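Whatever order the structure lists ligands and atoms in, that order sets their numbers, starting from 1. For clarity, every value in this text was computed on a predicted model and none was experimentally measured.
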Amino acid sequence: MPSGLPDAMHLHRFFVPSEWLQHDRISLDGQVAHQLSRVLRLKPGDEIELLDNSGAAWRVQLLEVSPRQCLADRLRCHYPDTEPPVPLILYQGLPGGRKLDLVLQKSTELGATRIVPVLASRSVKAERPEAGGGRLERWRRIVQEAAEQSGRARLPEVSDIVTLDRAIQDIDAGDLCLVGALDDNVPGIRDVLESHHLPAAVRIFVGPEGGFDDDELALLRSGRVVSVSLGRRILRTETAGLAMLTVVGYALGEMSTKGADASL
Ligand code: SAH
């Protein structure tokens, strides 16, 4: 890489509407212009990367920088290899307070392709997130920032809160579906992953602070969701989902500088 060019680790990235990327000369406004000029204090000549959730990443060079509008030239396009080999979906039992914010950010870094908050019978009722469209917008913003920071060219989908009944309807025949369970008699996640071939998708279920109740566990079993142990210590709900994503990612070959080797 020629000196003076920011390497991929330090490049500022932004998801923008795909219309912005149709022409060689790009106009950037709104929040992106504000961020470039006021927050990052970038100058003409500096390079950034623009993404439109298509998988492509455009390197662009800034020509004019001002808080209301910036102009940039498209330089070149590439396709970052930062997605897991199969969809990784996290069904997170809705936790209290703002813990879901952390789960959204970290699971995006760890390669989740979709995050679905699940309202479980023991989800802390008094602390359910604010109702209405506001929360979904906020959750998507968290995921977008995490995707920009971690170099992903595709945004994980964030669904609004669903019931467990609804969540298990997503399951297809070729999927590997796992639920973290504290039962003494369940196999360790490592054994289950080692005995599986590459599934079409991996769906990970995690209970809320109080765990899933017996009816919910029965429902999961009826949906072919396999109970697995994460070891002898009880993890907090926000830790458990992230730990499962990490080990599933590892089994899929994600923890390597090369593209995933697409085997479990
Ligand atoms: N008080 C609850 C603990 C729930 S922990 C109880 O005793 O059931 C929240 C969720 O994290 C659990 O529902 C489970 O899905 C997951 N989890 C936490 N620790 C785990 C472990 N050691 N193995 C498997 N799953 C675990």
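- A donor atom on one side chain and an acceptor atom on the other are not found under 3.5 Å apart for Thr163 and Asp165.
- Remark: minimum distance from atom 22 (N) of ligand 1 to any protein heavy atom is reached at Arg233 O, 2.8 Å.
- Near Leu182, meaning under 4.0 Å from any of its heavy atoms, are these atoms of ligand 1: 3 (C), 4 (C), 6 (C), 7 (O), 8 (O), 19 (N), 20 (C), 21 (C), 22 (N).
- Of all atoms in ligand 1, listed by their number and element, those nearer than 4.0 Å to a heavy atom of Glu209 are 1 (N), 2 (C), 3 (C), 4 (C).
- In the model, His12 has no side-chain atom that pairs as donor or acceptor with a side-chain atom of Gln149 under 3.5 Å.
- The environment of CG in Asp183 is crowded: more than 12 heavy-atom neighbours from other residues, nucleotides or ligands sit within 6.0 Å.
- Counting only non-hydrogen atoms, the option in Ser229, Gly180, Pro208, Gly211 that gets closest to atom 9 (C) of ligand 1 is Pro208.
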Do Arg221 and Glu216 pass the side chain to side chain contact (heavy atoms under 4.5 Å, CB included) test, and can you show the C-alpha distance, the side-chain angles, and the key distance before you say yes or no? CA-CA 9 Å; Arg221 271 194 298 274; Glu216 289 169 329; over 6 Å; no
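- Other residues, nucleotides and ligands contribute over 12 non-hydrogen atoms within 6.0 Å of the CZ atom of Arg114.
- Set against the non-hydrogen atoms of Val228, the atoms of ligand 1 under 4.0 Å away are 24 (C).
- Close approach of ligand 1 to Ala240 (heavy-atom distance below 4.0 Å) involves ligand atoms 11 (O), 16 (C), 17 (N), 18 (C).
- Of the N and O atoms on the side chains of Thr113 and Glu157, not one donor lies less than 3.5 Å from an acceptor on the other residue.
- Summary of contacts: the protein heavy atom closest to atom 26 (C) of ligand 1 is Leu230 CD1, 4.0 Å.
- For atom 10 (C) of ligand 1, the nearest non-hydrogen atom of the protein is Gly207 O, 3.5 Å.
- Given atom 19 (N) of ligand 1, the protein heavy atom at minimum distance is Leu235 N, 2.9 Å.
- Within 6.0 Å of CZ on Arg224 lie more than 12 heavy atoms contributed by other residues, nucleotides or ligands.
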